[in-house]
Amino acid sequence: MSNGPEDEDGYDFAAIQAKWAPIWEELEPFRTSDPGDVRPRKYVLDMFPYPSGDLHMGHAEVYALGDIVARYWRQQGFNVLHPIGWDSFGLPAENAAIKRGIDPRGWTYDNIAQQKKSMKLYAASFDWSRELHTSDPEYYKWNQWLFLQLYKKGLAYRKDSWVNWDPIDQTVLANEQVLPDGTSERSGAVVVKKKLTQWYFKITDYADRLLDDLNQLEGTWPTKVLNMQRNWIGRSIGADVDFVIEGREAPVSVFTTRPDTLHGATFMVVAPDADLAAELVAGASAEVRENFAAYLVKVQNSTEIERQATDREKTGVFLERYAINPANGERLPVWAADYVLADYGHGAVMAVPAHDQRDLDFALRFDLPVRVVVDTTAPVTGVIPVITPGMLDGSEELPDDPANGVDSDALDPAKSGTALAGEGRLINSGALNGLTKSNAIKRMIEQLVADGTGRATKNYRLRDWLISRQRYWGTPIPIIHGEDGTEIPVPEDQLPVLLPPTDGLDLKPKGTSPLGGATDWVNVVNPIDGTPAKRDADTMDTFVDSSWYFLRFLNPTDDTKAFDPKEADKWAPVDQYVGGVEHAILHLLYARFITKVLFDLGFVTFTEPFTALLNQGMVILDGAKMSKSKGNLVYFTEEVDKYGVDAVRLTMAFAGPPEDDIDWADVSPVGSAKFLARAWRVARDVTSAPDVEWKTGDAALRRVTHRFLADAPSLIESFKFNVVVARMMELVNATRKVIDTGAGPADAAVREAAEVTAMALNLFSPYTAEDMWQRLGYEPCVALAQWRKADRSLLVAESVTAVVQVDGKVRDRLEVSPKISNDDLEVQARASAAAIRSIGDREIVRVIVRAPRMVSIVTKPAG
RNA sequence: GCCCCCGUAGCCCAACCGGCAGAGGCAGGCGACUUAAAAUCGUCACAGUCUGGGUUCGAAUCCCAGCGGGGGCACCA
């Protein structure tokens with residue numbers, strides 16, 4: 001679509017863009033720096049982009065939506081901080097550099113230049129004076145500072161552990177970077193396990209707070225994200241139970257969420273890759289040791305995909321050892337099996353096959369006993385009589401277990417193959433018999449505590465955050481390793497530890513960090529005793545960079561501190577964060593964690609970084625995610641060239657609720673462009689002067705205008721951007737009508753409507769809005785014009801339609817005054833001929849009146 | 001397996017606290033302007049809200065069950 005051969009005074013988006021971009025560049029209307037500004041503050045933040053090339057349609061969406069919010073608050077009289085920067089460390093730059101034999105710096109900063117150009121054209125209302133790049137030493141110096149703060153607190157530590165290994169990128173991955181199908185989020189390679197010494201942040205120390213503080217965000221974060229985070233942290237409440245192992249001094253603890261079923265434990269299982277398994281098998285026969293060794297090799301060579309296939313047959317090896325059940329003294333055989341995870345709980349479980357499907361599958365496979373200890377039929381069938389509270393607290397006798405008349409075979413897990421996971425009452429469990437599940441859990445924990453063989457405890461699905469990467473293009477870890485293996489943190493006054501130049505370095509993935517090859521850089525002198533020492537050659541996960549960038553925007557050029565706590569007090573936390581749902585877990589969880597650490601260290605006074613969150617959906621095409629490989633890409637620059645910035649932005653807002661995906665095949669940038677032209681022509685056609693008295697204008701149009709002024713703010717605040725656009729269209733349509741077939745272009749209400757349209761359009765399509773504003777006789781910038789208050793007297797309609805229902809069906813409509821009383825309305829409704837007709841000879845039993853909208857007459861059915 | 005979200009015209013989507021199912025757009029039909037077309041302007045809606053129950057004077061909206069679609073987590077004890 002193009003503007004075509006228009007009359008000389010037609011709408012031309014290209015000309016308008018070319019006209020206003022340099023003027024805004026000059027005026028810098030969105031710079032936020034005046035310390036004397038007394039307006040209330042809002043910090044609106046859009047997730048910063050990774051510069052992987054030019055902007056794409058996803059960027060077009062997020063920056064369109066974030067800008068609506070930022071511009072809105074400015075018009076509402078707030079001092080708005082809306083910064084932008086680049087998340088510019090990371091693997092794609094390095095991979096591109098390797099492929100083309102160039103420096104990742106060049107690639108990265110070229111892309112940033114390209115994106116910046118597009119972003120400026122896109123006219124998001126950013127404060128460009130605060131622009132930052134995480135790959136600048138001025139930024140990553142403070143990543144290193146942050147690392148040292150965590151290190152001092154014992155929250156950054158090194159451990160030797162099984163890690164996720166990406167065989168293509170030749171680097172470790174955080175759990176969060178392994179996709180559900182067991183492949184790498186980055187390279188797509190099948191992730192394997194490898195034992196390596198790596199740096200971790202102790203996020204698990206914060207698991208409870210990260211979980212519990214989500215409640216504070218209820219209502220301002222999407223429910224979906226809150227649930228995803230809760231799921232990810234995955235807190236389980238249960239108990240640790242200590243089992244004595246024959247021939248071993250220290251008991252072995254297991255974690256269980258079902259301590260009530262302890263009497264039903266018939267064996268124990270340890271993770272084959274846990275140290276405990278190796279220790280226990282050491283005392284076994286040569287044959288078993290051999291079997292175990294072979295099994296372990298098999299387990300370690302299996303991929304995440306293989307391991308996670310839930311329907312695969314259970315495997316395991318008996319270790320020829322026995323554990324003693326602390327509840328009843330029974331001897332339980334100890335097995336090693338890979339359905340038990342080494343890094344969850346204690347890497348060992350008590351197996352209760354009757355009430356856990358995995359344990360049952362294993363028991364049936366290896367012919368181990370199955371003992372039912374919860375009668376799951378009890379509450380359902382009433383086989384056990386009603387249990388009174390007195391019975392539960394022990395003051396009354398519990399009834400015997402009669403369990404007769406029940407088809408025991410169908411319920412026997414050993415025969416049915418289905419574990420009994422449901423509620424029920426305890427049997428075969430000594431003192432617990434007759435108790436419900438929850439009471440039995442309580443009672444059992446009390447008993448374990450009394451015996452000193454167990455305690456209530458919690459476990460988390462969340463693991464510590466693995467932050468080291470064996471790659472070049474990231475923040476060097478500020479640690480020096482002494483010859484004797486000691487870790488020496490680089491003194492803060494020696495930061496930043498600069499990345500060495502790439503000259504002479506082999507960036508190709510080879511399993512160890514390329515920085516190790518920078519001999520001059522790696523080899524240093526131990527700052528404590530002057531002996532030879534080596535720098536840590538790993539770099540940090542780039543999620544460290546983005547976990548605190550919102551604070552750096554407050555004083556991005558300060559080289560004396562990461563951020564200014566006074567500025568943080570003023571601006572932070574972020575009032576409105578806007579970004580893609582793909583960051584619902586990783587980035588948001590890390591940023592929340594780091595914020596809590598900074599709070600504990602006294603650097604900030606808040607515990608959650610993002611007060612409100614808007615997650616926009618994805619831009620897709622024909623129902624499918626856009627991707628290069630599928631060849632269904634829509635290009636940002638093409639769309640912007642074809643339809644104009646304003647039309648693309650408006651389309652993003654109008655497509656539907658922001659959290660829904662936008663199928664670019666379903667929406668119409670052409671339609672958006674047509675609407676913009678239509679709105680623009682309204683402003684062009686206005687012939688009255690700016691000082692015309694609005695009151696003299698067409699009353700009906702004024703009502704439309706003021707209803708819009710009254711409704712739009714709450715719609716914007718609840719992110720119903722699509723509805724606001726629809727309402728703008730309604731306003732423009734109404735104005736057009738008055739110009740063409742009503743009071744005409746000189747009417748004051750036409751000017752008022754056009755001005756309001758320009759102000760509102762500024763949120764979505766700033767170029768068109770600015771041009772309209774100027775044509776209406778005002779100086780730039782419309783973005784700084786304050787939102788007008790609706791005139792309340794114009795909000796009341798002259799008359800409203802009241803409906804008359806008889807037995808729930810609409811039978812008549814009455815035009816009434818909006819101020820009509822319930823009584824008057826009822827009188828009118830009872831007098832309605834249509835109502836009387838449909839009532840017939842039936843008796844009216846009830847009349848419900850909701851003036852001025854509705855009267856409901858209820859009759860008694862005839863006969 | 002566990003948790004969450006969504007089903008309204010051909011399509012994208014509205015509908016405040018339960019109160020006239022339609023605000024807006026796309027596609028389409030018709031008309032005006034035009035020699036004609038484009039552009040522009042105007043005009044046109046029996047979809048009864050996925051299905052079945054329930055609550056209610058009244059249900060797209062609340063409750064239950066089911067069907068369909070989407071998302072997150074998952075051998076996490």
Side-chain angles (χ1 to χ4, degrees), chain A residues 1 3-7 10 180 222-236 238 254-258 261 269 271 307-312 314 337-341 343-352 355-359 361-362 421 459-463 581 584-585 617 650-651 654-657 659-663 665-672 674-675 677-678 681 711 714 720 722-733 736-737 739-741 800-810 812-813 845-848 850 853-859:
Chain A
M1 120 115 219
N3 300 305
E6 288 255 3
D7 53 285
T223 315
K224 183 182 172 183
V225 176
L226 295 175
N227 279 327
M228 282 167 76
Q229 294 236 338
R230 288 190 179 113
N231 240 324
W232 188 262
I233 296 166
R235 180 161 66 194
S236 295
V254 302
F255 174 72
T256 176
T257 54
R258 294 292 303 275
T261 62
V269 186
R307 183 163 176 143
Q308 286 178 4
T310 44
D311 50 356
R312 91 194 154 110
K314 293 280 182 289
D338 69 352
Y339 79 91
V340 173
L341 307 176
D343 58 352
Y344 184 77
H346 304 279
V349 302
M350 65 180 218
V352 184
H355 303 289
D356 182 283
Q357 190 61 49
R358 297 153 300 183
D359 295 342
D361 293 343
F362 192 84
N459 255 297
Y460 305 91
R461 211 194 71 91
L462 182 71
R463 307 293 203 273
V581 74
I585 297 175
L650 190 70
T651 301
F654 187 47
E659 59 275 11
D660 289 4
D661 287 347
I662 298 175
D663 194 327
D666 288 339
V667 296
S668 171
V670 179
S672 299
K674 276 187 193 169
F675 166 70
R678 195 170 152 83
R681 284 194 302 268
D711 294 348
S714 58
K720 293 182 176 183
N722 53 329
V723 181
V724 177
V725 175
R727 299 287 302 272
M728 277 195 316
M729 290 172 169
E730 195 182 3
L731 178 58
V732 168
N733 290 345
R736 184 81 254 162
K737 204 171 220 168
I739 294 174
D740 288 351
T741 59
V800 294
T801 308
V803 297
V804 183
Q805 297 177 1
V806 177
D807 292 327
K809 293 198 177 63
V810 176
D812 201 5
R813 289 158 221 272
V845 292
R846 205 173 148 196
V847 179
I848 295 141
R850 298 272 183 279
R853 290 159 86 183
M854 194 267 330
V855 178
S856 180
I857 298 169
V858 189
T859 71

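Each chain gets a letter, A, B and so on, in the order its sequence line appears, and its residues count up from 1.
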Need one value for [X]: base, sugar-phosphate or nothing, where a base atom within 4.0 Å counts as base even if backbone is also close, heavy atoms only.
X      : answer
A/T801 : base
A/D666 : sugar-phosphate
A/K809 : nothing
A/N459 : nothing

Point to revise | Integer angstrom distance from the C1' of B/C26 to that of B/A45 | key: 15 Å
Point to revise | B/G68 pairs with, by Watson-Crick or G-U criteria that keep both distances under 3.5 Å | key: B/C6
Check your understanding: Nearest 0.5 Å, what's the CZ-CG distance between A/R463 and A/L341?
Key -> 6.5 Å
**Study point:** Atom pair CD1 (A/I848) and CZ (A/R850), whose distance is rounded to the nearest 0.5 Å
**Key:** 6.5 Å
**Study point:** Residue pair A/M854 / A/V804, side-chain heavy-atom distance below 4.5 Å
**Key:** no
Dump the pairs, protein N or O against N or O of nucleotides 51-59 of chain B, anything under 3.5 Å, distances to one decimal.
residue: B/C57; atom: OP1; partner: A/R846; partner atom: NH1; Å: 2.8
residue: B/C57; atom: O2; partner: A/S856; partner atom: OG; Å: 2.5

Exercise for review: Report yes if a side-chain nitrogen or oxygen of A/R736 is closer than 4.0 Å to either non-bridging phosphate oxygen (OP1 or OP2) of B/C41; otherwise report no.
Suggested key: no
Practice item. Respond yes when some side-chain nitrogen or oxygen of A/R678 is under 4.0 Å from OP1 or OP2 of B/C41, and no when none is. Key: yes
Check your understanding: Got a donor-acceptor contact below 3.5 angstrom from the A/D356 side chain to the A/A351 backbone?
Key -> no
